[in-house]
Q: 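Provided herewith is a single structure, encoded as structure tokens, for subsequent inquiry.
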Amino acid sequence: MADSKPLFSLDGDPVAAEALLRDVFGIVVDEVIRKGTSASEKCHYSIKKGAAFLGLGTDSVWIVKTDERGKMMPEDLERQISLAEAEGSVPFLVSATSGTTVLGAFDPLEAIADVCQRHGLWLHVDAAWGGSVLLSQTHRHLLDGIQRADSVAWNPHKLLAAGLQCSALLLRDTSNLLRRCHGSQASYLFQQDKFYDVALDTGDKVVQCGRRVDCLKLWLMWKAQGGQGLERRVDRAFALAWYLVEELKKREGFELVIEPEFVNVCFWFVPPSLRGKQENPDYGERLAKVAPVLKERMVKEGSMMIGYQPHGTRGNFFRMVVANPALTRADMDFLLNELERLGQDL
Ligand SMILES: Cc1ncc(COP(=O)(O)O)c(C=O)c1O
């Protein structure tokens with residue numbers, strides 16, 4: 001959307017602004033799960049890794065608080081920017097997330113874009129996981145505000161199930177920023193005197209050299225399924241996830257971590273020996289030991305593979321990500337039955 005102030009507006013000079021990005025000169029702001037008094041970080045690790053690779057150092061990533069649903073809090077973002085500036089840092093980029101890895105949270109992009117606009121910061125949206133939701137008329141509101149981003153990362157290899165890997169980086173910029181940042185003009189590879197418009201060549205715009213053509217997979221899949229076919233895939237994933245949630249609530253021994261707004265269904269399996277013992281001081285500790293045991297059992301049986309993890313102050317819980325388009329309600333029933341079977345003696 002045209003009202004978002006891009007990085008170039010920092011000083012009105014695109015070349016200087018780009019140099020600012022490339023020089024080691026600023027901070028990256030990302031999100032964290034922080035609950036109660038003990039703070040534990042759970043943002044996607046790629047942001048810190050990126051800061052390390054860029055030479056900014058991981059200390060230049062400032063952590064913004066999230067609410068109990070895992071969404072970035074715009075008021076804390078504002079606060080972190082002020083704190084960073086007060087100590088002489090120069091904030092330049094905010095990384096928001098649409099569809100966090102564990103809880104599947106969508107950050108409030110409109111409010112975050114307002115903060116970025118006020119401070120002249122580049123807004124990046126990590127929509128690697130949740131970006132495909134834009135294809136659904138029913139659920140796309142979760143990404144309201146993404147049109148104000150300066151850059152968006154999107155992985156059709158996640159929710160759309162394109163063959164690994166299929167990643168897109170979408171940029172608002174139309175001034176060939178990637179070539180100006182990454183281009184190394186190796187004349188033995190990237191000849192400029194070709195018979196067609198060399199602006200179409202992507203090779204010199206990227207960090208790597210030889211890579212697969214990700215976009216062909218997306219194009220072919222889109223051609224084969226059509227926009228409506230892909231929309232159905234997304235809507236079906238939501239419907240199945242919510243079926244799982246409804247079924248899970250009907251059974252004793254399953255406890256939701258949060259009501260999902262996406263297809264990440266996060267839950268504990270509470271085994272018979274722990275039911276009704278929530279008040280016991282060691283309840284959390286004992287519950288956290290259940291998921292690894294069940295995971296081991298399901299892998300050894302060869303019946304299922306469901307991921308688990310601790311998250312912030314929450315001990316190990318299962319995260320069923322309903323994305324495979326071949327899944328059915330019968331699979332969701334099987335999952336619950338199988339957990340009950342595998343955990344009945346715990
Ligand atoms: C929110 C988010 N961002 C980024 C990534 C990294 O994805 P990839 O390495 O597949 O590009 C993931 C992977 O799980 C993710 O969940």
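First listed ligand is number 1; within each ligand, the first listed atom is number 1. All values derive from a computational prediction rather than experimental measurement.
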Q: Please confirm whether A127 approaches ligand 1 to less than 4.0 Å, judged on its heavy atoms.
A: no

Q: Quick one: look up the protein heavy atom nearest atom 8 (P) of ligand 1 and list residue, atom name and how far away it is.
A: N155 ND2, 3.4 Å

Q: Under a 4.0 angstrom heavy-atom cut-off, which atoms of ligand 1 come close to A128?
A: 2 (C), 3 (N), 4 (C)

Q: Verify ring pair (Phe, Tyr, Trp, His ring centres under 6.0 Å) between Y308 and F317, making sure each step is shown before the conclusion.
A: CA-CA 5 Å; Y308 73 84; F317 56 84; 9.4 Å; no

Q: Note the single closest protein heavy atom to atom 3 (N) of ligand 1, along with its residue, its atom name and the distance in Å.
A: D126 OD2, 2.6 Å

Q: Hey, is CZ on R275 packed in by over 12 heavy atoms from elsewhere, all under 6.0 Å?
A: yes

Q: Going by the atom numbers of ligand 1, which of them fall below 4.0 Å from some non-hydrogen atom of G99?
A: 1 (C)

Q: Going by atom types alone, do Q117 and R148 pair a side-chain donor with an acceptor below 3.5 Å?
A: yes

Q: For H124 and S151, test the side chains for any donor-to-acceptor distance below 3.5 angstrom and give the result as yes or no.
A: yes

Q: Do any heavy atoms of K158 fall under 4.0 Å from ligand 1?
A: yes

Q: Please tell me if atom 11 (O) of ligand 1 is touched by the protein, where touching means a protein heavy-atom distance below 4.0 Å.
A: yes

Q: What residues form a ring-ring contact (aromatic ring centres under 6.0 Å, His included) with W154, not counting sequence neighbours?
A: none

Q: Verify the distance criterion only: is there a donor paired with an acceptor across the side chains of R180 and S175 at less than 3.5 Å?
A: yes

Q: Is there a nitrogen or oxygen of H157 sitting under 3.5 Å from a nitrogen or oxygen of ligand 1?
A: yes

Q: Assess whether side chain to side chain donor-acceptor pair (under 3.5 Å) is satisfied between R319 and Q309, documenting all intermediate values.
A: CA-CA 8 Å; R319 171 174 46 118; Q309 66 287 295; 2.9 Å; yes

Q: Considering non-hydrogen atoms of the protein only, which is the closest contact for atom 16 (O) of ligand 1, and what is the distance?
A: T101 OG1, 2.8 Å

Q: Considering heavy atoms of the protein only, find what lies nearest to atom 6 (C) of ligand 1 and give residue, atom and distance to 0.1 Å.
A: H44 CE1, 3.6 Å

